[in-house]
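Beneath this line is the structure, given in structure tokens, with notes to follow.
The model shown is predicted, which means the values in this text are computed figures rather than measured ones. Proteins get letters first, then strands, A, B, ... in listed order; numbering begins at 1 in each.
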There are 2 protein chains.
Amino acid sequence: MGISDRKEREKEELRERILSAAKSLFLEKGIEKTSIRNIADQIEYSPGIIYHYFKDKNEIFHALHQGGFRQLMDKMSVLASVRNPLERLKAMGSIYVRFAMENPDMYDLMFIKEAPIDHVASSEHDDWKEGGGTFNYLRLTIRECIAQGNFQGHDEEALSYLIWSAVHGMVSLHIRKRCEVICSDRQTNIVADGLEEFFKMLDRL
Amino acid sequence: MGISDRKEREKEELRERILSAAKSLFLEKGIEKTSIRNIADQIEYSPGIIYHYFKDKNEIFHALHQGGFRQLMDKMSVLASVRNPLERLKAMGSIYVRFAMENPDMYDLMFIKEAPIDHVASSEHDDWKEGGGTFNYLRLTIRECIAQGNFQGHDEEALSYLIWSAVHGMVSLHIRKRCEVICSDRQTNIVADGLEEFFKMLDRL
DNA sequence: TGGATTATTAAACACTGTTTAATTACATTT
DNA sequence: AAATGTAATTAAACAGTGTTTAATAATCCA
């Protein structure tokens, strides 16, 4: 049936249009100030239509947040060329931080906001598989480091979490504007400086 | 004038009643789901009255968030008895993490949410002095550690930020439910385990 | 062309933060 | 004790929100 195929395509197309309208509005105004009516205006449909494509507002932002993980995973792909696991681990940190600084709103959505994760919790698949992929890559890299003799006496799982937490902490304090306590002439570069400091720590471990 | 004194007291009392109603509602329902009308209902006044005591909703939650910093600062006071700066630094981390785990909503308000900090930005005093006090204490402790020979080759300001970030990262990933990527049998204790791992790192630095 | 199905909308519901003008309460002065 | 002025308090409105419902428009199939 070619006709139902076309219908399927058209349906998918509108879904995509909703998503891209939501994304552009979200990036310029934030999640809270992007309303269903805003999105409907942008795509020139009535607000009600959106509920035929998404269960609720959270589901829209959960879909965007999935796209963010694809984006991040993509940036991580260059790491395959880095042989030394410790070097790869540091490169991973740099990529992670750069992604967060260049896409602060997307990072916020992926790792800070409660909205998309609430949707995960209330849906059938209770595992947060989007984040799981990148974390697993981190864990494997750290495993290689340990196998190579680094991080002696450390626990793989807890160390992975700690390392993730350190970079997440730095970028999230910055994104959520808690860095004003830092010495004013250091503020502009504090995230990069903090990361450097972290690399020094990892080297001496 | 005893009468205007009493009026002053009554005004202050109502302000306090608004604040405590806001706090209890906030702690059980979260900031977004606590409405001005909810607060007004609780204190048995009309919604409009609240605007004679607070400029807007953000100002209410900024006041609560200030209370949180007093609470945290208070818990930190036991640190005065710890002589060794490295031990004091670690004890500080423990207190910080415990505070966050025991008062997750208050921690969220203080270090994660954008609402109260938006109020700071839009008010006359653009410095975030509530957070500044505790951070300064961290900085001084680290300065002592460096003076004692610890953390050689590290920069005081950047290291302070990194250490804060590490603990903030761990608790905020937990509070915002991003820990589901962690091996399921490790999840319940992951924050404590991560902190232990961090202490090991600091010891070997 | 008629009937069934689907897509789309308008309208309503129950909320939200905030502002306005009107009202009540009360201390002070006549 | 009555009138006045001031401060506290409220009711009502405004413009917005997410979401659901029933009605309408468009489309496909027999």
Of G48(A) and S46(B), whose nearest nucleotide on DNA chain D comes first from the 5' end? S46(B)
Is the gap between the ring centers of F69(A) and H65(A) under 6.0 Å? yes
Heavy atoms from C-beta onward define the side chain here; which of dT18(C), dT8(C), dT9(D) lies closest to that of H52(B)? dT9(D)
Hey, does L14(B) reach any base, or is it just sugar-phosphate, or nothing, if we go heavy atoms under 4.0 Å? sugar-phosphate
Angle class for the F26(A)/F61(A) ring planes (parallel below 30°, perpendicular above 60°, tilted otherwise)? perpendicular
Rounded to the Å, how far apart are K11(B) NZ and dA7(D) C1'? 9 Å
For the pair made of CG in D56(A) and C1' in dT19(D), what is the distance, rounded to whole Å? 9 Å
Can you measure I49(B) atom CD1 to dA11(D) atom P for me and round it to whole angstrom units? 11 Å
Rounded to whole Å, the CD1-P distance (I31(A) to dG18(D)) equals 11 Å
Distance, rounded to the nearest Å, where E32(A) contributes CD and dG18(D) contributes C1': 12 Å
Which nucleotide in the list dT10(D), dG17(C), dG18(D) gets nearest to the side chain of Y45(B)? dT10(D)
Can you see if the side chain of S35(A) gets near the phosphate of dT17(D) - specifically, an N or O under 4.0 Å from OP1 or OP2? yes
Can you measure R17(B) atom CZ to dA8(D) atom P for me and round it to whole angstrom units? 16 Å
Residue N38(A), side-chain heavy atoms: nucleotide from dT9(D), dT18(C), dT17(D) that is nearest: dT17(D)
Y53(A) side chain near dT8(C) phosphate (N/O to OP1/OP2, under 4.0 Å): yes
Rounding to an integer number of Å, can you tell me how far K57(B) NZ sits from dT17(D) P? 16 Å
Which nucleotide in dA12(C), dT9(C), dA13(D) has an atom nearest any side-chain atom of R37(A): dA12(C)
Can a side-chain donor-acceptor contact be found between N38(B) and K33(B) if the only test is distance below 3.5 angstrom? no
Taking atom types as modelled, is there a side-chain donor on Y107(A) or H174(A) under 3.5 Å from an acceptor on the other? no
Checking E114(B) against K113(A) for the salt bridge (Lys or Arg N to Asp or Glu O under 4.0 Å) test, could you report, in this order, the C-alpha distance in whole Å, the side-chain angles of both residues, the deciding distance, and whether it holds? CA-CA 10 Å; E114(B) 29 205 9; K113(A) 285 215 144 67; 3.7 Å; yes
Side-chain atoms of I36(B) come closest, of dG17(C), dT19(D), dT9(C), to dG17(C)
Measure OH/Y51(A) against P/dA22(D) and give the value in whole Å, please. 17 Å
